[in-house]
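Heads up: the structure comes next, in structure tokens.
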Number of protein chains: 2
Amino acid sequence: MLDRNEITSIRSFNRNYTKLLGILNKRVLDTPLSWTEGRIILEIYFNQDKTPIEVANHLNLDKSYTSRILKRFEKNELLYKSPSSTDLRSKKIHLTTKGTKLAQQLDERSDQQIKDLLINLSPQQQQEFYEAVETIDKLLFNRK
Amino acid sequence: MLDRNEITSIRSFNRNYTKLLGILNKRVLDTPLSWTEGRIILEIYFNQDKTPIEVANHLNLDKSYTSRILKRFEKNELLYKSPSSTDLRSKKIHLTTKGTKLAQQLDERSDQQIKDLLINLSPQQQQEFYEAVETIDKLLFNRK
DNA sequence: CAAAGTAGTGGACAAAGTCCACCATTATGA
DNA sequence: TCATAATGGTGGACTTTGTCCACTACTTTG
């Protein structure tokens, strides 16, 4: 078991990382999108043809909230909806060319953001960072 | 330099950890406090006699926002302010007994929260987690 | 086929935070 | 030393982000 000091260190790390993620996530990268809006665009980008409900569920968002954001995106011509062939209640979401471009931008800049974060570290340190991230990811979120 | 896949993994980790911290930080531990309110209470708890501005700066909060929260705390008798002896504009903040108790509760439960998070890991895994956290903390936030 | 459930939307509201203006006081520099 | 700028603290007005509820249209289930 971890002792009190170690727990304190973890809490300190969590505060630091909360702050960092807050900055990273905040106003996302010169785009006019908020963090959640960005997630939605990327979700659709990487997985065309999703329905609003699927998007909401996968990103853990309120369906009403999601609906409003999608509507805004539609108005801004980032996406359009087509009726589902099998369920008349449901719709499929597709990015427009404009939406796709924005998604790509967002994706690239998110990568760049990580690179910028690590820019002052040596290649060895970057590797060390990466491995530590993988360790935590595996331990807490049991990926692969 | 890290390659594209590694960057992608880091971004995935960041999303996961954002979500985790969101849950940890959200409704803080049976107390009636929000995350920010909790931070303010703990900030004062660990560092009595701070001024509102110092609290705001240290936690990166708007001073107006901070002022309002402090006022609420004062009304709820969690703290009181005394005039600074050297600067008539300024005030020092002190927790009341009630405020101190709440801070202690918060502190304990924050520790407990971390323990709960790691409860399913073996002692070795917990140690591994701790070391990974320390690694990242050192690399990104250069603590000692 | 009746009843229950689901996709999607909108209204009303709340929480959290930002931005601006202001007063009182303090610090600065010509 | 005095005008000017800067700072601590507060409040009003507003925005952003999100929650909760209710409702319609359709679909699924027993």
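Residue numbers begin at 1 in each chain, while the letters A, B, ... track the order of the sequences. Source: prediction; values computed, not measured.
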I'd like to check B/Leu61 versus B/Ile40 (side-chain heavy atoms, cut-off strictly below 4.5 Å). Are they in contact?
yes
For residues B/Leu70 and B/Lys81, determine if any side-chain heavy atom of one lies less than 4.5 Å from a side-chain heavy atom of the other.
yes
Starting at CZ of B/Arg72 and ending at P of D/dT10, how long is that distance when rounded to a whole Å?
14 Å
Would you say A/Lys71 reaches C/dG10's phosphate, i.e. side-chain N/O to OP1/OP2 under 4.0 Å?
yes
Is the count of non-hydrogen atoms from other residues, nucleotides or ligands lying under 6.0 Å from A/Gln104 atom CD greater than 12?
yes
A/Asp107 and B/Arg11 ion-paired at < 4.0 Å:
yes
Can you tell me how far C1' of C/dA7 sits from NE2 of A/His58, to the nearest Å?
19 Å
How long is the line joining CD of B/Glu54 and P of D/dT7, in whole Å?
14 Å
Atom OH of B/Tyr80 and atom P of D/dG9: how far apart are they, to the nearest Å?
16 Å
Would the number of heavy atoms belonging to other residues, nucleotides or ligands and lying under 6.0 Å from NZ of A/Lys98 be above 12?
yes
Do other residues, nucleotides or ligands put more than 12 heavy atoms under 6.0 Å from the CD atom of B/Gln112?
yes
Atom-pair distance (CZ on A/Arg39; P on D/dT17), nearest Å:
13 Å
Which protein N or O atoms sit under 3.5 Å from an N or O of nucleotides 18-22 of chain D?
residue : atom : partner : partner atom : Å
D/dG18  : OP2  : A/Thr36 : OG1          : 2.8
D/dG18  : OP2  : A/Tyr65 : OH           : 2.7
D/dT19  : O4   : A/Arg68 : NH2          : 3.2
D/dC20  : N4   : A/Ser64 : OG           : 3.1

Mind checking A/Thr66 for me? I need base, sugar-phosphate or nothing, with any heavy atom below 4.0 Å counting as a touch.
nothing
For A/His94, side chain to side chain contact (heavy atoms under 4.5 Å, CB included) partners two or more places apart
A/Gln48, A/Asp49, A/Tyr80, A/Ser82, A/Lys92
Note, A/Phe73 side chain near A/Leu95 side chain (heavy atom, < 4.5 Å):
no
Check the distance between D/dG9's P and B/Ile40's CD1 and give it to me in whole angstrom.
13 Å
Please list, in numerical order, the residues of residues 81-94 of chain A that have a heavy atom closer than 4.0 Å to any atom of DNA chain C.
A/Lys81, A/Arg89, A/Ser90, A/Lys91
Between CG of A/Asn57 and C1' of C/dA7 the distance, given in whole Å, is 11 Å
Note, B/Gln127 side chain near A/Leu2 side chain (heavy atom, < 4.5 Å):
yes
